[in-house]
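What you see is a predicted model; the values in this text were computed from it and never measured.
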Amino acid sequence: MKKVINKITFSTVLKAMPIIIIWALFFIVPQNEVFEYSINPENGLWSIFTGALLHASYSHIINNTALLIILLPILNKHKEGYKYYTFLALAYIVPSLAIYIGGQPTVGISGLVYALYSYSILKLSLRENITIFVILFCMTGNVMLEGLFPIRPYVSWIGHSSGAILGLLLILLEQLKTKK
């Protein structure tokens, strides 16, 4: 029994690592220096890997964290082992790369959140509990849709839309594989 509890605890901590890292960095990196590490060609290629871990304000990090707390367990239900971590790696790198190429200096893990969101919404609507889908979409749909377009100058619509497109592509690829 103790072995099972240890395995569950290690697995839970490992899967919560994105949340743990972004909160730790939020308190380590001074807020007036956050954009010095943003995803930005001027900050070098390394910024693709570092900028998404930083957040500009409490509301920014709380919004992303809340969605990660909801969406990571949904992903965990549908992807196990290396598939879970492969999804997270893609959802972290692809939006960051799109932001870097687009030249819009950005911080935050919203690209990954949008990839998780679009994947989860489609997954839930295609084969899962429609009630959970409706609740999730009603709670967040309008805000998530707004983030896909260049409405606010300080919101990374490039990261949001590339994350959402990635989530859609991954679910479509998954659907194609199951039909074969």
Here the gap from L97 atom CG to L45 atom CG, rounded to the nearest 0.5 Å, amounts to 8.5 Å
* **Aromatic ring pairing Y119/H78, orientation class (parallel under 30°, perpendicular over 60°, tilted between)** => perpendicular
(request) Using the side chain to side chain contact (heavy atoms under 4.5 Å, CB included) rule, take S38 and N43 through it: C-alpha gap first, then chi angles, then the decisive distance, then the call. (result) CA-CA 7 Å; S38 66; N43 294 337; 3.4 Å; yes
Across all chains, not counting sequence neighbours, the side-chain contact (heavy atoms from CB on, under 4.5 Å) partners of I19 are W23, T65, L68, I69, L72
| query | Stepwise, does the side chain to side chain contact (heavy atoms under 4.5 Å, CB included) test hold for Q175 with L122? | reply | CA-CA 11 Å; Q175 292 300 310; L122 270 176; over 6 Å; no
Closest heavy-atom pair, P95 versus G163, reported as atoms and distance to 0.1 Å, is CG-CA, 3.7 Å
Just wondering, do S110 and N64 contact through their side chains at under 4.5 Å, heavy atoms?
yes
CD1 (I171) and CG (L176) are apart, to the nearest 0.5 Å, by 11.0 Å
| query | Counting N and O atoms only, with roles assigned by atom type, does the side chain of S120 sit under 3.5 Å from a partner on the main chain of Y117, one being a donor and the other an acceptor? | reply | no
Any side-chain heavy-atom pair of H55 and L25 under 4.5 Å:
no
**Study point:** Shared hydrophobic cluster for V94 and L169 (ILVMFWY, side-chain gaps under 4.5 Å)
**Key:** no
Is Y92 reachable from L168 through a run of hydrophobic residues whose side-chain heavy atoms are each under 4.5 Å from the next? yes
Side chains of Y82 and Y85: closer than 4.5 Å at any heavy-atom pair?
no
In this structure, CD1 of I109 is separated from CG of L67 (nearest 0.5 Å) by 12.0 Å
Any chance CD of E42 has more than 12 other-residue heavy atoms, nucleotides or ligands included, within less than 6.0 Å? no
Keeping Y114 on the side-chain end and I165 on the backbone end, is there a donor-acceptor pair under 3.5 Å?
no
Could you check if a side-chain atom of V107 sits within less than 4.5 angstrom of a side-chain atom of Y37, using non-hydrogen atoms only? no
Looking at side-chain heavy atoms only, is the closest gap between Q31 and V34 below 4.5 Å? yes
Exercise. May I ask you to test the I99-S156 pair for a side-chain heavy-atom distance under 4.5 Å?
Key: yes
In short, A91 meets A115 closest at the heavy-atom pair CB-CB, 3.6 Å
Q.
Under the criterion side chain to side chain contact (heavy atoms under 4.5 Å, CB included), I'd like the reasoning laid out for L54 against F35: C-alpha separation, chi angles, the key distance, then a yes or no.
A. CA-CA 9 Å; L54 303 171; F35 281 95; over 6 Å; no
message: Would F26 and Y58 count as a side chain to side chain contact (heavy atoms under 4.5 Å, CB included) here? Give the steps.
response: CA-CA 9 Å; F26 185 74; Y58 275 106; 3.4 Å; yes
Worksheet item: Is T106 reaching over with its side chain to a backbone N or O of Q104, donor-acceptor style, under 3.5 angstrom?
Response: yes
When every non-hydrogen atom of L170 is compared with those of L90, the smallest separation belongs to CD2-CD1, 4.3 Å
Nearest heavy-atom contact between P41 and G103 is CD-CA, 4.1 Å
Closest non-hydrogen contact found for A164 with S118 is O-OG, 2.8 Å
Does the pair E174/K79 count as a salt bridge with the N-to-O cut at 4.0 Å? yes
Between P105 and N40 the two heavy atoms that sit nearest each other are CG-ND2, 3.4 Å
